[in-house]
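Count residues from 1 along the sequence. Remember, it's 1-based here, ligands and their atoms both numbered in the order they're listed. Since this is a predicted model, take the numbers as computed values, not measurements.
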Amino acid sequence: MRKEQLQAFAQQPTPFYAYDLALLRQTLAVAQAEAGKYGYHIHYALKANANAPILAEILEKGFGADCVSGNEVRRALEAGFPPEQIVFAGVGKSDAEINFALDTDIFCFNSESGQELEVIQELAAAKGKTAQVALRINPNVDAYTHKHITTGLEENKFGINLWELEELVPRFAEWPNLKLIGLHFHIGSQITDLRAFENLCGRVNEIQRWFEERGRTFPHLNVGGGLGVDYHTPEENPIADFAAYFSIFNRLLEKRNGQIVHFELGRALVAPSGNLISRVLYLKHGQKTNFVILDAGMTELMRPALYQAYHKIENLTSDLPTQSYDVVGPICESTDCFAKGIQLPETKRGDVVAIRTAGAYGEVMVSEYNLRDRVKAVYLS
Ligand SMILES: *Cc1c(COP(=O)(O)O)cnc(C)c1O
């Protein structure tokens, strides 16, 4: 979204999210075209953003849904995603969530532990159903991303560790209501060093061969999401490098005849099209810095407080010479800080700022802490 477009919002009550549906559509079209070159299937990871108008655009492109809670499965169904295009992942699925997913006949459970497989077996048997499952394997591959969003190392809670497989796989003989149809991997998020995906391909190939040596083949391989976006210069790179991303898998992933390869992208599809628009409440001189105090805080966008994430901030209403500021929110927490020591045009009370690239893991993490009002959303088509 260009600055002039964002400026059109400057008169509205703040804070609110502004979504650029035109950019979203362009992004989805590029992702679809690049994945389509190799016959790859994309499931959108709902946890990045589950707003109805955004899901409608994604559904229209024919993508499936990747859900990590029973309520996300419900939201995907309500949005119109067909059950046979919904996968359900997550390290702690409750019995109620598993039952709901069984009742709605979703495509596949990405299962993360032997004990969870036992529970899915038991609940599926009670309903006289067969559940399709994929094993989420922790491939012990470094994603070269922030440690709080790395998921594919043995120290992380996610996935089944390689050393558990030898014992686990024979147990499928005791689980007649489970149909093992695939392998699943997801090594982390905001991955910009694409060597991580090259390493992942190598590891998936090894693991696939390990299974084949034991007589197990799979119709599906799911290599997760994780493609990063450019938070620093969003206007230069508004669309993530889907061409480079998918071509790595095409070059390095050993796909068997007839095998379907799935991707679960969240951030790369929706982050750039969202902006958090906020008004400056106060300026305050600190001992070493000048604070810009916004009417939006960590309750509206938690990423900076949660994992020191960077979002570019633009003052939409000032063209004065720049100064250095710390940009903070109104919440009673010292981590309620969007940026430290950044250059902004001289900023005054009443100015309106855009916090860019906030379409993923922004509005979905909104909290009521301090009994805050729920932030609104507007859509620009
Ligand atoms: C969060 C998540 C994704 C999406 O990750 P992005 O980095 O947003 O692409 C995909 N798969 C699983 C299992 C996830 O938990």
Quiz item: Can you hop from V204 to L227 via hydrophobic side chains spaced under 4.5 Å?
Solution: yes
Quiz item: Can you hop from L183 to V87 via hydrophobic side chains spaced under 4.5 Å?
Solution: no
Does ligand 1 have any atom sitting under 4.0 Å from a heavy atom of [X]?
X	value
R136	yes
F158	no
A268	no

Identity and separation of the nearest protein heavy atom to [atom]:
atom	result
atom 10 (C) of ligand 1	E264 O, 3.2 Å
atom 7 (O) of ligand 1	S189 OG, 2.3 Å
atom 2 (C) of ligand 1	K47 NZ, 2.3 Å
atom 5 (O) of ligand 1	H186 CE1, 3.3 Å

Can you sort out which atoms of ligand 1 are near [X], meaning under 4.0 Å from one of its heavy atoms?
X	result
A45	3 (C), 4 (C)
G266	4 (C), 6 (P), 8 (O), 9 (O)
Y361	1 (C), 4 (C), 5 (O), 6 (P), 8 (O)
D66	10 (C), 11 (N), 12 (C)
R267	6 (P), 8 (O), 9 (O)
L265	9 (O)

Quiz item: For the residue pair Y310 and H232, is the inter-centroid distance of their aromatic rings smaller than 6.0 Å?
Solution: yes
Practice problem: Please find out if less than 6.0 Å separates the ring center of F107 from that of H41. | Solution: no
Quiz prompt | CD/E60: more than 12 non-hydrogen atoms of other groups inside 6.0 Å | solution = no
Practice problem: May I ask you to check whether over 12 heavy atoms, not counting those of K129, lie within 6.0 Å of atom NZ? | Solution: yes
Exercise. Check for a donor-acceptor pair, side chain of D295 on one end and backbone N or O of L281 on the other, with a separation under 3.5 Å.
Key: no
Quiz item: Should the pair F242 and F246 be assigned to parallel (<30°), tilted (30 to 60°) or perpendicular (>60°) ring geometry?
Solution: parallel
Quiz prompt | Heteroatom distance test (A48, ligand 1): nitrogen or oxygen, under 3.5 angstrom | solution = no
Practice problem: Please confirm whether R267 makes a cation-pi placement over Y361, using NZ or CZ under 6.0 Å from the six-membered ring centre and within 45° of the ring normal. | Solution: no
